K.L.:
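Before I ask anything, here is the structure I am working with.
Nothing here was measured: the structure is a model prediction, and the numbers come from that model.
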Amino acid sequence: MYERSALASARAGAPARWSSERLTIEERPRQGAIALRLGGESERRLGSKLLELDMDAQVGTAIERSDRAVLRLGPDEWLLLCKRDEEGRLASELRQALADQTSSAAPLGNGTVALEIAGPQLRAFLAHGTSLDLHPRAFGPGRCAATGFGKIRVLLWQRDAERLLLLVGRSFARSFWDWAIDVARQWSR
């Protein structure tokens with residue numbers, strides 16, 4: 001099923017994209033996301049078994065396997081990234097498997113917009129909007145964090161040295177996109 005871009009103009013419909021030699025910003029409309037709350041070790045084990053991902057990773061770390069990733073945002077908080085078309089099924093399976101626990105699994109994909117930002121100017125671009133320590137020793141590949149860009153909360157996942165996935169709430173996506181393109185234009189000269 002084709003999913004309309006959250007950022008495209010009413011006429012276009014294709015995913016939003018901006019590119020220069022040094023930086024690319026591209027919408028990923030088929031990105032699914034599930035917010036997970038797992039209270040204890042037994043819940044983490046059940047989640048790990050069902051998802052085939054290690055839920056015991058350190059806070060601020062992302063674990064990726066195939067087309068899924070789990071980002072540990074806090075002691076009992078994770079964000080599961082998956083394909084949008086499997087989001088509902090996975091959330092339901094997680095709720096069933098963890099029904100006797102104090103956990104929760106809530107699909108968020110329709111409420112978020114995913115952007116992939118890549119290129120050699122990635123860190124310089126991010127430095128324009130966040131106070132997060134972006135030095136590669138502090139925020140390198142495999143790291144994730146929730147942070148603010150102005151008054152907009154975003155989630156960052158550093159995929160590799162020059163590639164990052166950014167998630168922003170759908171209601172703030174247009175404002176974030178406009179800000180991002182305004183900042184990125186300096187690398188198109």
K.L.:
Indicate the atoms forming the closest heavy-atom contact of Leu122 with Ala161, along with that distance.
P.N.:
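The answer is CD2-O, 4.4 Å.
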
K.L.:
As an exercise, state the distance from CZ of Arg123 to CG of Leu132, rounded to the nearest 0.5 Å.
P.N.:
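Going from CZ on Arg123 over to CG on Leu132, the span is 9.5 Å.
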
K.L.:
Look at Glu27 together with Arg17 and state whether they make a salt bridge at an N to O cut-off of under 4.0 Å.
P.N.:
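No.
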
K.L.:
Would you mind reporting whether Leu38 and Trp78 have side-chain heavy atoms less than 4.5 Å apart?
P.N.:
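Sidechains of Leu38 and Trp78: in contact.
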
K.L.:
Answer yes if Leu165 and Leu51 sit in the same cluster of Ile, Leu, Val, Met, Phe, Trp and Tyr residues linked by side chain heavy atoms under 4.5 Å apart, and no otherwise.
P.N.:
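No; tracing contacts between hydrophobic side chains, which count when under 4.5 Å, never links both residues.
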
K.L.:
How many angstroms lie between CZ in Arg95 and CG in Leu90, if you round to the nearest 0.5 Å?
P.N.:
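Output value for this atom pair is 10.5 Å.
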
K.L.:
Is it true that Glu86 and Lys83 make a salt bridge, defined as a side-chain N closer than 4.0 Å to a carboxylate O?
P.N.:
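Looking at Lys83 together with Glu86, the answer is no, because their closest N to O distance does not fall below 4.0 Å.
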
K.L.:
Tell me, which pairs form a side-chain hydrogen bond (donor to acceptor under 3.5 Å, both in side chains) where one or both residues lie in residues 146-155, sequence neighbours left out?
P.N.:
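Every side-chain hydrogen bond (donor to acceptor under 3.5 Å, both in side chains) pair that includes a residue of residues 146-155, provided the two are not neighbours, is Thr130-Thr147.
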
K.L.:
Has Asp133 got more than 12 heavy atoms of other residues, nucleotides or ligands less than 6.0 Å from its CG?
P.N.:
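Counting other residues, nucleotides and ligands, CG of Asp133 exceeds 12 neighbours.
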
K.L.:
Please report the interatomic distance SG(Cys144) to CG(Leu79), rounded to the nearest 0.5 Å.
P.N.:
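The CG atom of Leu79 is 8.5 Å from SG of Cys144, to the nearest 0.5 Å.
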
K.L.:
I want to check something: taking the side chain as every heavy atom from C-beta on, are Val168 and Thr112 in contact at a cut-off of under 4.5 Å?
P.N.:
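Contact flag for Val168/Thr112 side chains = no.
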
K.L.:
So how far is it from Glu87 CD to Arg30 CZ, rounded to the nearest 0.5 Å?
P.N.:
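Here the rounded value is 14.0 Å.
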
K.L.:
Are Glu64 and Arg68 close enough for a salt bridge, meaning some N to O gap below 4.0 Å?
P.N.:
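Salt bridge flag = no for Arg68 with Glu64.
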
K.L.:
Can you check side chain to side chain contact (heavy atoms under 4.5 Å, CB included) on Ser103 and Arg37, steps first, answer last?
P.N.:
CA-CA 5 Å; Ser103 61; Arg37 290 281 187 169; 5.5 Å; no

K.L.:
Give a yes or no on whether the backbone of Val183 and the side-chain of Gln186 come within a donor-acceptor separation of less than 3.5 Å.
P.N.:
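Side chain of Gln186 to backbone of Val183, a donor-acceptor pair under 3.5 Å: yes, one is there.
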
K.L.:
What is the minimum heavy-atom distance between Ile25 and Ala184, and which atoms define it?
P.N.:
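Result for this residue pair: CD1-CB, 4.0 Å.
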
K.L.:
For Glu77, does its backbone N or O pair with a side-chain atom of Arg72 as donor and acceptor, under 3.5 Å?
P.N.:
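No: the side chain of Arg72 does not pair with the backbone of Glu77.
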
K.L.:
According to a 4.5 Å side-chain heavy-atom criterion applied to Ile, Leu, Val, Met, Phe, Trp and Tyr, with indirect links allowed, do Leu155 and Ile152 form part of one hydrophobic cluster?
P.N.:
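They do not share one cluster, since no chain of ILVMFWY contacts under 4.5 Å joins Leu155 to Ile152.
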
K.L.:
Is Leu98 reachable from Leu36 through a run of I, L, V, M, F, W or Y residues, each pair having side-chain heavy atoms under 4.5 Å apart?
P.N.:
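Yes, Leu36 and Leu98 fall within the same hydrophobic cluster.
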
K.L.:
Using the rule that Ile, Leu, Val, Met, Phe, Trp and Tyr join whenever any side-chain heavy atoms are under 4.5 Å apart, tell me whether Val113 and Leu164 fall into a single cluster.
P.N.:
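As far as the 4.5 Å side-chain criterion goes, Leu164 and Val113 are connected within one cluster.
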
K.L.:
If you round to the nearest 0.5 Å, how far is CD1 of Ile34 from CG of Leu94?
P.N.:
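Result: 6.0 Å between the selected atoms.
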
K.L.:
Answer yes or no: is there a side-chain heavy-atom contact under 4.5 Å between Ile63 and Val70?
P.N.:
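Yes, close enough: below the 4.5 Å cut-off.
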
K.L.:
Is any NZ, NE, NH1 or NH2 atom of the basic residue among Glu26 and Arg28 found under 4.0 Å from an Asp or Glu carboxylate oxygen of the other?
P.N.:
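The answer is yes: the pair qualifies as a salt bridge.
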
K.L.:
Not counting sequence neighbours, list each pair that qualifies as a ring-ring contact (aromatic ring centres under 6.0 Å, His included) and has a residue in residues 145-169.
P.N.:
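Pairs touching residues 145-169 that pass the test: Phe149-Phe176, Phe149-Trp179.
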
K.L.:
So Phe125 and Ile117, do their side chains get closer than 4.5 Å, heavy atoms only?
P.N.:
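Yes; the side chains approach each other to less than 4.5 Å.
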
K.L.:
Should Leu80 and Leu50 be regarded as members of a common hydrophobic cluster, given that ILVMFWY residues are connected when their side-chain heavy atoms come within less than 4.5 Å of each other, either directly or indirectly?
P.N.:
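Yes, Leu80 and Leu50 fall within the same hydrophobic cluster.
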
K.L.:
A side-chain contact here means heavy atoms from C-beta on lying under 4.5 Å apart; do Leu167 and Val154 qualify?
P.N.:
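Leu167 does not reach Val154 side chain to side chain.
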
K.L.:
Applying the side-chain contact (heavy atoms from CB on, under 4.5 Å) criterion to Met55, which one of Glu41, Lys49, Arg44, Glu43 satisfies it?
P.N.:
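Going through the options one by one, the only one that passes is Arg44.
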
K.L.:
To the nearest 0.5 Å, tell me how far Thr24 OG1 sits from Arg163 CZ.
P.N.:
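Answer rounded to 0.5 Å: 12.0 Å.
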
